[in-house]
Each structure stands twice: as C-alpha cells, then as structure tokens.
Amino acid sequence: MNEKNEVMSEELAEKEFERWVNLANIDLSGYAEDEVVAFLKIKKRISNAFKNGSLFVNDDGTLEYEVSQASPAGYAGDKVKISGLNGRAWLAADKYKSEEQIHKLIAVASAITGKDTGWFANLASGDFLIFTNIVSLFMNT
C-alpha cells in the first residue's frame, strides 16, 4: 500500500469504508462464519488505504486509488478510478473456471478500471491486493 502519512484517523477511515459500502450498494451480510476473518483483513487493508490517503471515495460511490511508490516507475503514482460492477465485469468473471480465482479477480478489476489485465501484473503486492480485495467485496454482493 501507499507509504503516505496518515490523512485521517482510524475511526474516520472506518467511516469512509462504511460510506463507500453504502454508496456502492455492497451487501456485507453474505459472509459465512468461516469467511469473516478474510473479510476483516480486506476491510483493514481498504481502511488503511483510506487512512493514508491513497484511496478516496467519490460522492457517486466510485473510488480513486493512487498506486504506491513500491510499484515500478510508470505505475507508481498512477491514479486509477474504480467504478462499481457492471455487465462487462460479470462477463469477464464468467470466462474463468472456479479454480482460477486470481485471474477472475483481475479480469473484473480490468473491467471496472479500464486497465488492461497485464497492467495489474506489474504492481507491487500491496497495490495488487487493494484491487483484488475491492473486487472481492463487490463479487460477494
């Protein structure tokens, strides 16, 4: 994730996460008991991105993410708009088998950002995980 200094408190970051979930119509009630730990990790990663200012939620529920300096030149500092799921995203997900989860997540990330799937392969792990975690929340809805 981005190495920026904190721009908001932990409490405000959690509220921003909740605001985004509401604006984006993400239903968080669908997690099975054994999935709660994974959800809490995803929530923490996304909340931390809000806290350090690398992730921002717009009034329409779209997100903007600034790729960290940990990613290579040509990617670091890129600002990427992340829209909600659309038909193109669901169709992209349908192209992969259930055992190809990472490919499926990146295909959906591509559809909701307009970035080529190969673009994500060049990101540092923390940046890559922001995108896959956001898609995971969308797809659980």
Side-chain angles (χ1 to χ4, degrees), residues 1-4 6-141:
M1 280 181 286
N2 215 319
E3 303 84 25
K4 293 181 174 184
E6 287 185 15
V7 298
M8 66 175 68
S9 69
E10 184 98 21
E11 182 180 335
L12 285 175
E14 295 243 349
K15 286 182 181 181
E16 194 69 353
F17 176 85
E18 296 300 328
R19 185 170 87 88
W20 168 62
V21 165
N22 289 329
L23 286 170
N25 294 315
I26 296 174
D27 179 8
L28 298 179
S29 65
Y31 286 94
E33 193 172 316
D34 62 337
E35 297 173 320
V36 171
V37 172
F39 163 73
L40 292 174
K41 286 181 181 180
I42 289 170
K43 181 180 179 185
K44 176 88 170 147
R45 182 179 311 279
I46 293 171
S47 293
N48 282 342
F50 282 128
K51 187 168 77 171
N52 70 31
S54 60
L55 189 63
F56 177 80
V57 61
N58 295 308
D59 290 337
D60 63 358
T62 59
L63 295 170
E64 290 183 40
Y65 179 70
E66 183 178 342
V67 177
S68 76
Q69 295 303 309
S71 285
Y75 299 89
D78 277 4
K79 292 183 180 166
V80 181
K81 186 173 182 176
I82 306 167
S83 67
L85 290 185
N86 52 34
R88 191 171 70 140
W90 288 110
L91 289 170
D94 200 37
K95 293 179 184 177
Y96 294 96
K97 297 176 185 170
S98 60
E99 48 288 338
E100 296 176 302
Q101 286 299 315
I102 300 297
H103 290 289
K104 183 181 290 193
L105 292 172
I106 292 304
V108 173
S110 174
I112 65 175
T113 62
K115 295 288 189 184
D116 184 79
T117 56
W119 181 86
F120 296 95
N122 294 296
L123 298 177
S125 180
D127 294 315
F128 184 89
L129 289 171
I130 285 289
F131 289 101
T132 58
N133 286 181
I134 289 168
V135 169
S136 293
L137 288 180
F138 274 129
M139 293 190 72
N140 189 59
T141 299

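Atom set for the values below is all heavy atoms of this structure, side chains included, hydrogens, waters and symmetry mates excluded. All figures in this text were calculated on a predicted structure; none of them were measured in a lab.
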Fill in: Stepwise side-chain contact (heavy atoms from CB on, under 4.5 Å) check, Leu123 with Phe131
CA-CA 10 Å; Leu123 298 177; Phe131 289 101; 3.8 Å; yes
Fill in: side-chain contact (heavy atoms from CB on, under 4.5 Å) evaluation trace for Val37 with Lys41
CA-CA 6 Å; Val37 172; Lys41 286 181 181 180; 4.2 Å; yes
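Remark: Lys81 NZ to Glu64 CD distance equals 6.5 Å, nearest 0.5 Å. Within the model, atoms CG of Leu85 and CD1 of Ile26 stand 8.0 Å from one another, a figure rounded to the nearest 0.5 Å. Atoms NZ and CD, on Lys51 and Glu14 in that order, are 9.0 Å from each other to the nearest 0.5 Å. Remark: Asn86 CG to Leu91 CG distance equals 9.0 Å, nearest 0.5 Å. Put simply, CD on Glu100 and CD1 on Ile106 are 13.5 Å apart, with the number rounded to the nearest 0.5 Å. Atom CG of Leu55 sits about 10.0 Å away from atom CZ of Phe17, to the nearest 0.5 Å.
Nearest heavy atom pair, residue Val7 against residue Phe50, reads CG2-O, 3.8 Å. Shortest non-hydrogen contact noted between Ala107 and Ala92 is O-CB, 3.7 Å. The minimum heavy-atom distance between Ser47 and Ala13, with the atom names listed, is O-CB, 3.3 Å. Pairing each heavy atom of Ala49 with each of Ile130, the nearest pair is CB-CD1, 3.8 Å. Taking all atoms of both residues into account, the shortest heavy-atom contact from Gly84 to Ile112 is O-CG2, 3.4 Å. Between Phe138 and Ala24, the shortest heavy-atom distance links the atoms CE2-CB, 3.9 Å.
Within the 3.5 Å criterion, the main-chain N or O of Ile82 finds no donor-acceptor partner in the side chain of Thr62. Side chain of Ser136 to backbone of Thr132: a donor-acceptor contact under 3.5 angstrom is found. With hydrogens and angles disregarded, no donor-acceptor distance shorter than 3.5 Å links the side chain of Ser54 to the backbone of Tyr65. Within the 3.5 Å criterion, the main-chain N or O of Trp90 finds no donor-acceptor partner in the side chain of Asp94.
Inter-residue side-chain proximity for Phe128 and Ile102 is flagged as met; some heavy-atom pair is nearer than 4.5 Å. The shortest distance between side-chain heavy atoms of Asp127 and Gln69 does not fall below 4.5 Å. Contact annotation: the side chain of Asn22 never approaches that of Arg19 to less than 4.5 Å [non-hydrogen atoms, C-beta and beyond]. Inter-residue side-chain proximity for Ile46 and Leu137 is flagged as met; some heavy-atom pair is nearer than 4.5 Å.
Ring geometry, Tyr75 versus Trp119: the interplanar angle falls from 30° to 60°, so the pair is classed tilted.
A salt bridge (Lys or Arg N to Asp or Glu O under 4.0 Å) with Glu10 is found for one member of Lys43, Lys15, Lys44 and no other, namely Lys44. Here the rule is side-chain contact (heavy atoms from CB on, under 4.5 Å) with Val108, and of His103, Arg88, Met139 only Met139 fits it.
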